[in-house]
Number of protein chains: 2
Amino acid sequence: MKRPTLEVVAARAGVSKSSVSRVVNGETTVAPEIRDVVMQAVRELGYVPNAAARNLVTRRTDAVAVVVSDPPKGVVSDDPLFSTVVRTVSRELEAVGRRVVLILAESDESRARVERYVAGGHVDGVMLVALHGADPLPAALARMGLPVASFNRTAATDVPYVALDNAGGAELAVRHLLERGRRRIATITGPLDLYESRERLEGYRATLRDTGRRSIVALGDFTRVSGAEAMRQLLEDDPDVDAVFAANDLMAIGALRTLHQAGRRVPDDVAVVGFDDIEAAAYTTPALTSVRSSMADQATATVRLLLALIEGGPRKPVIMPNELVVRESS
Amino acid sequence: MKRPTLEVVAARAGVSKSSVSRVVNGETTVAPEIRDVVMQAVRELGYVPNAAARNLVTRRTDAVAVVVSDPPKGVVSDDPLFSTVVRTVSRELEAVGRRVVLILAESDESRARVERYVAGGHVDGVMLVALHGADPLPAALARMGLPVASFNRTAATDVPYVALDNAGGAELAVRHLLERGRRRIATITGPLDLYESRERLEGYRATLRDTGRRSIVALGDFTRVSGAEAMRQLLEDDPDVDAVFAANDLMAIGALRTLHQAGRRVPDDVAVVGFDDIEAAAYTTPALTSVRSSMADQATATVRLLLALIEGGPRKPVIMPNELVVRESS
DNA sequence: CACCCCTCAGGGAGCGCTCCCTCATCCTTT
DNA sequence: AAAGGATGAGGGAGCGCTCCCTGAGGGGTG
């Protein structure tokens with residue numbers, strides 16, 4: 001069951017190790033006949049280069065770490081962000097022949113492990129996902145000089161990122177509700193240690209402020225449960241609320257549930273708008289109006305950014321646009 | 001920015017490379033004072049062993065490939081199976097100090113890449129997820145002698161797996177509907193090239209058969225869209241249908257949507273039962289009755305199985321139990 | 001025709017680590 | 001007290017690969 005080495009292939013092909021190496025690595029300075037005989041031997045022996053040996057000398061790994069830094073927060077296991085991002089990223093990296101090493105950094109301990117791992121030079125670059133503002137990881141990674149790109153903005157200003165136009169999206173949502181004639185427009189925020197949450201909240205506030213209306217804010221943490229809870233709070237605090245902008249769809253879904261239980265009709269009594277336009281948004285009752293932000297596109301852009309960084313490209317952030325998808329809930 | 005090597009650490013500590021190696025690898029045959037002085041040097045220099053070099057000689061990688069073999073099937077990006085499994089597996093492997101190399105095998109081409117990759121000895125074992133019955137990958141991987149464990153049963157009989165009691169779960173669902181007095185119980189199946197789909201269908205059929213009732217079957221593919229479509233079909237084929245057992249929750253959610261649009265009340269006119277009890281099941285309107293099968297537990301069991309396999313454990317399958325969670329939809 | 005240059009194959013050092021083997025030291029045992 | 005055994009440190013080969021360097025051979029130029 002021993003795998004053939006370069007040397008064995010060379011012997012079989014009757015050429016030197018160097019030539020085989022050149023052929024395998026696609027160098028052009030090889031005579032066609034040597035090329036052919038080597039390829040033949042490679043095929044016959046089922047030769048696969050040993051990545052460890054190669055990595056040992058080249059210092060390149062062809063691997064990228066995808067670090068999902070995020071507290072486990074209970075059972076939010078079907079968080080669509082996670083699968084969309086991981087899936088897209090994996091697909092995109094696969095296409096350029098790079099491996100994905102997935103790392104969940106849920107505790108300080110595992111965060112330390114990530115640092116050690118990355119410091120060990122096992123990967124060519126790191127993509128960061130879902131960090132709260134205070135997370136020390138981005139800065140720590142950036143400090144070790146390895147290419148790092150972040151999905152969403154982080155507190156570490158020197159880490160290039162790809163983010164949405166969050167404030168713009170929130171403005172879209174709120175303007176839409178105003179146009180529908182809503183007067184008491186509340187919001188359910190995401191965790192405020194996340195930039196996106198803060199920006200969405202700020203967009204909501206700014207838009208209302210322009211019309212002289214006051215903000216009605218309840219705090220959530222991007223989970224369905226928190227959305228349901230926040231909606232209950234909102235109903236209690238201000239029974240006349242007639243519209244809600246939830247900072248993501250999961251929370252909007254939670255809010256929908258609370259409204260249903262409380263006997264409020266959507267959109268007749270209360271209009272609801274979410275953010276992200278996840279697939280489930282089209283399957284709620286009533287179907288959810290949402291700010292569409294293609295997480296997949298954002299993920300792709302982040303991968304591209306990281307790859308560019310690895311090639312020595314410029315470290316500049318990217319902002320993705322978004323649009324409003326109007327459905328039954330508003 | 002050059003990383004220190006074993007040799008440098010040895011020099012600093014005033015001992016031999018061998019001793020440093022022993023300390024770093026936690027061998028016990030080292031005098032405490034040498035241990036201490038080495039640890040000190042390691043700390044001071046921030047030494048992290050080079051995995052490539054280590055792997056080159058030991059042939060161990062401490063990495064496990066998680067292969068998600070699955071056609072891209074459009075936008076089913078928030079498939080809860082994916083995130084739950086990947087997340088759980090990652091967490092579990094992290095805990096035992098192993099890396100996760102995530103590979104999406106969506107095309108024949110990438111499947112070939114997986115084979116080559118695994119053949120290259122880059123990982124100590126492979127965990128397979130979500131394969132359709134005809135997938136040649138499991139057999140191919142098993143053939144190369146590497147430990148392989150599958151999340152769910154596959155066609156390759158020699159690949160150990162962890163599966164649910166699918167037929168039993170279906171029976172639970174159907175019996176429950178019968179007890180509720182339903183007479184025309186239909187089912188929406190998953191893709192029939194999946195064992196789980198076939199087993200759930202078989203469980204449904206067998207249970208109905210025992211009561212002398214006939215089966216009413218519509219085909220789905222585990223997505224919301226397909227559930228909605230199948231429900232439409234069912235309504236058309238048999239307008240008197242008064243209960244539906246969907247082979248997973250996502251399709252049940254799709255069915256709920258169709259029923260809502262068709263003006264049928266749930267559960268009054270039609271009762272709906274899903275399978276998996278994903279988080280979203282509690283957030284539908286009405287909340288979904290579902291067969292609970294902890295995907296997380298199943299994923300954990302699969303990891304354990306794989307780790308045992310790597311240690312040379314026995315190759316025997318594991319079957320997980322399930323229970324019915326009754327909510328408003330039935 | 002002689003010389004030089006260019007192209008391209010082969011030789012071999014060395015990447016950082018492990019692990020086998022040797023050997024020094026100290027403790028036991030008779 | 002001498003010899004054998006246990007313990008544990010050090011030396012060094014070698015894992016499979018890349019890449020620099022050397023040098024052979026062929027073609028072009030004056």
Side-chain angles (χ1 to χ4, degrees), chain A residues 1-42 45-63 99 116-117 119-124, chain B residues 1-42 45-63 99 116-117 119-124:
Chain A
M1 207 53 195
K2 193 150 168 16
R3 296 166 43 210
T5 68
L6 244 204
E7 197 138 17
V8 175
V9 177
R12 172 108 177 197
V15 299
S16 72
K17 279 168 42 184
S18 307
S19 296
V20 178
S21 175
R22 278 187 274 262
V23 170
V24 169
N25 289 290
E27 283 181 40
T28 49
T29 65
V30 188
E33 62 266 27
I34 289 205
R35 233 195 112 67
D36 291 347
V37 69
V38 169
M39 293 295 261
Q40 179 67 17
V42 165
L45 296 166
Y47 171 72
V48 183
N50 180 316
R54 181 179 276 174
N55 169 220
L56 184 56
V57 26
T58 60
R59 263 87 232 291
R60 264 175 285 108
T61 63
D62 281 348
R99 295 291 128 210
R116 237 181 307 118
Y117 181 71
H122 306 250
V123 292
D124 297 338
Chain B
M1 207 55 193
K2 192 150 170 15
R3 296 166 43 209
T5 69
L6 245 204
E7 197 138 18
V8 174
V9 177
R12 172 110 176 193
V15 301
S16 72
K17 279 167 42 184
S18 307
S19 295
V20 178
S21 175
R22 278 187 275 262
V23 170
V24 169
N25 290 290
E27 283 181 39
T28 49
T29 66
V30 188
E33 62 268 27
I34 289 207
R35 235 195 111 67
D36 291 347
V37 69
V38 168
M39 292 295 260
Q40 179 67 18
V42 164
L45 295 166
Y47 171 73
V48 182
N50 180 317
R54 180 180 277 174
N55 169 220
L56 184 57
V57 25
T58 60
R59 264 85 232 290
R60 265 176 285 105
T61 63
D62 281 347
R99 295 291 128 209
R116 236 180 309 118
Y117 181 72
H122 307 248
V123 292
D124 296 339

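Residue numbering restarts at 1 for every chain, and letters A, B, ... go by the order of the sequence lines. Please read all numbers here as calculations on a predicted model, not as lab measurements.
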Just the rounded figure in Å: distance from [atom2] of [N] to [atom1] of [X].
{"X": "A/Lys17", "N": "D/dG16", "atom1": "NZ", "atom2": "P", "answer": "11 Å"}
{"X": "B/Asn25", "N": "C/dC17", "atom1": "CG", "atom2": "P", "answer": "10 Å"}
{"X": "B/Asn55", "N": "C/dC17", "atom1": "CG", "atom2": "C1'", "answer": "11 Å"}
{"X": "A/Leu6", "N": "D/dC19", "atom1": "CG", "atom2": "P", "answer": "12 Å"}

Ring of B/Tyr47, cation from B/Arg3 - is the NZ or CZ under 6.0 Å from the centre and inside 45° of the axis?
no
So what does A/Arg60 touch, heavy atoms closer than 4.0 Å: a base, only the sugar-phosphate, or nothing?
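If one applies the 4.0 Å heavy-atom cut-off, A/Arg60 turns out to touch the sugar-phosphate alone, with no base involved.
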Between [N] and [X], counting only base atoms on the nucleotide and side-chain atoms on the residue, is there a donor-acceptor pair under 3.5 Å?
{"X": "A/Arg3", "N": "D/dG16", "result": "no"}
{"X": "A/Ser18", "N": "C/dG11", "result": "yes"}
{"X": "A/Arg59", "N": "C/dG16", "result": "no"}

Want to settle it: does B/Asn50 or A/Ser16 sit nearer the 5' end of DNA chain C, counting the closest nucleotide to each?
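Looking at the nearest nucleotide for each, A/Ser16 comes out on the 5' side.
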On the nucleotide D/dT18, are OP1 or OP2 found under 4.0 Å from the side-chain N or O atoms that A/Ser21 carries?
yes
Can you tell me if A/Gln40 has over 12 outside heavy atoms packed within less than 6.0 Å of its CD?
yes
Can a donor-acceptor pair be found between the side chains of A/Asn55 and A/Thr61 at a distance below 3.5 Å?
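A/Asn55 vs A/Thr61: no donor-acceptor pair found between side chains.
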Name the residue closer to the 5' end of DNA chain D, choosing between B/Ala31 and B/Leu56 according to the nucleotide with the nearest heavy atom.
B/Ala31
Under-3.5 Å N/O pairs linking protein and nucleotides 22-26 of chain C:
none

